[in-house]
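In what follows, chains carry the letters A, B, and so on, assigned in the order in which the sequence lines appear, proteins first and then strands, with residues in each chain numbered from 1.
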There are 2 protein chains.
Amino acid sequence: MSGDRRVRRTRRLIQEALVTLILDKGYDAVTVTDIIDRADVGRSTFYSHFTDKQDVLLSNLDELTVLHRSPADGGSDRLLAFSLPMFEHVREQERLVRALLGRRGGGPVHARGEQLLAAVVRDELLGAGARPSATLELLVVCVVGAFMGLLRAWLEGETTASPAELDAAFRAAVEPGVRAVLRESGNESPSHH
Amino acid sequence: MSGDRRVRRTRRLIQEALVTLILDKGYDAVTVTDIIDRADVGRSTFYSHFTDKQDVLLSNLDELTVLHRSPADGGSDRLLAFSLPMFEHVREQERLVRALLGRRGGGPVHARGEQLLAAVVRDELLGAGARPSATLELLVVCVVGAFMGLLRAWLEGETTASPAELDAAFRAAVEPGVRAVLRESGNESPSHH
DNA sequence: GTAGTGCCGAACAGAGTGTTCGGTTATGAA
DNA sequence: TTCATAACCGAACACTCTGTTCGGCACTAC
């Protein structure tokens, strides 16, 4: 492990304190003073590690490593392969994800999540034979929007559906459209072997 | 017109000031002091009309009356009929919508917009023969998510597509899936041949 | 063991919030 | 026009939160 043990300890205490507080009061209502009280850390110590509240929030994003899908799954010709594993992971990490991505989580993390997810979807569609174009970008936006919508609905408690059900709903909604677009745009040999 | 002219004037000045300031600096960065300076209104006056910043923001929502679609369009069997008019309206009211709904607009309006839109989509699907169910709700979430995604992308300047192109992308992405779901769920003898 | 690094915590200036209150001015009704 | 009313002004206030500084203490890594 890199660095001083005290440094790791302090950073971890601060991050955990923020997550707890967000779940309590929502991101906006949490103050730096709250955080250092909960983490039992000196004020100057906080500012020697993070510039502000949002900095702590974004620093947590590194824990969400699922977005980097395993690239060795070339065998599956299944479209939108990220969907089910993602929903499952979210349920496992429910507490953290709810704090970071929920309405109480305050936006910036949501934005970055969308970007990462958009990259995944774009790569997958390109791999499936689509051509880079403005139309493709709009399709990616729709797919990501639908997925994030489901994620948000679940985080908000609007639905109690299981990961498998969320995955099914996601596919039912967007897969036909995606396949239709691929059929038109992806010019040749969509199915090898 | 109901009420004192001074009241209308003051409220309007404050609302306009907030919109301008959001476009300048983003919602979070705007302070009440900023607003009353820009609106040239006394501090106590502000607090006699609104409780805080967000109150002003949400008060603006009444101007966005397009969401109440004209219910007399029963003739069109076109699915997702709200889409194109909405994209067009958004372009017309670009300044206001950008301030309220964009990433700079700060969330709460976005949430309410999603709710209103979800009601529209749900009604439309029910009218097209779908049955109320948890599955339908998830479909609605996906459709709304895709639409809001496109809206956001346009507001963020990620695309320069026209309303017609946005509408086309939206339909291409979700209409096949919606029709497929309707075919299964609304078991009401569609053209079976 | 010791040099160095991290932490403490109090104190501070600055900015923003929401309230109060006496005085001023515009408005709508008579 | 007159006039009671309601709205506005704006300064002042108590409060909270922010981000920085600094001397002294404690722990860690080597």
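Computed from coordinates, the A:D28 CG to C:dG16 P distance equals 17 Å when rounded to whole Å. One atom, CZ of A:R6, and another, C1' of C:dG4, lie 9 Å apart when rounded to the nearest Å. Atoms CD1 (A:I36) and P (C:dG6) sit 19 Å apart, rounded to a whole Å. Between B:D4 atom CG and C:dA26 atom P there is a gap of 12 Å when expressed in whole angstrom units. Between the C1' atom of C:dT17 and the CD atom of B:Q54 lies a distance of 15 Å, rounded to the nearest Å. The interatomic distance linking B:Y47 (OH) with C:dC21 (P) rounds to 18 Å, in whole Å. C:dT20 atom P lies 16 Å from atom CZ of B:F46, rounded to whole Å. In this structure, A:R12 places its CZ atom 13 Å from P of C:dC7, rounding to the nearest Å.
Formation of a donor-acceptor pair under 3.5 Å by the B:R171 side chain with backbone atoms of B:L79 is found in this model. When atom types are taken as modelled, the side chain of B:E165 and the backbone of B:S162 share a donor-acceptor pair closer than 3.5 angstrom. B:T20 places a side-chain N or O within 3.5 Å of a backbone atom of B:E16 that can act as its donor or acceptor partner.
Within the 4.0 Å cut-off from OP1 or OP2 of C:dG6, not a single side-chain nitrogen or oxygen of A:T10 is found. Applying the 4.0 Å criterion to OP1 and OP2 of C:dG6, one finds that A:H49 has every side-chain N and O outside that range. Close to C:dG9, at under 4.0 Å from its OP1 or OP2, lies no side-chain N or O of A:T45. Contact annotation: A:T33 reaches the phosphate of D:dT18 (side-chain N/O to OP1 or OP2, under 4.0 Å).
When distances run from any side-chain atom of B:V7 to the nucleotides D:dA7, D:dT18, C:dT17, the shortest one goes to D:dA7. With C:dT25, D:dG10, C:dT17 as the candidates, the nucleotide lying closest to the side chain of B:S44 is D:dG10.
Among the protein residues, B:R5 comes within range of the sugar-phosphate backbone only, with heavy atoms under 4.0 Å from sugar or phosphate atoms but none that close to a base. Residue contacts for B:D40: at a heavy-atom cut-off of 4.0 Å it reaches the sugar-phosphate backbone alone, with no base atom in range.
At least one side-chain heavy atom of B:F87 sits less than 4.5 Å from a side-chain heavy atom of B:L151.
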Practice prompt. Quick one: do B:R38 and B:D24 satisfy salt bridge (charged side-chain N to carboxylate O under 4.0 Å, His left out)? Show the steps, please.
Written response: CA-CA 12 Å; B:R38 169 82 58 144; B:D24 269 11; 3.5 Å; yes
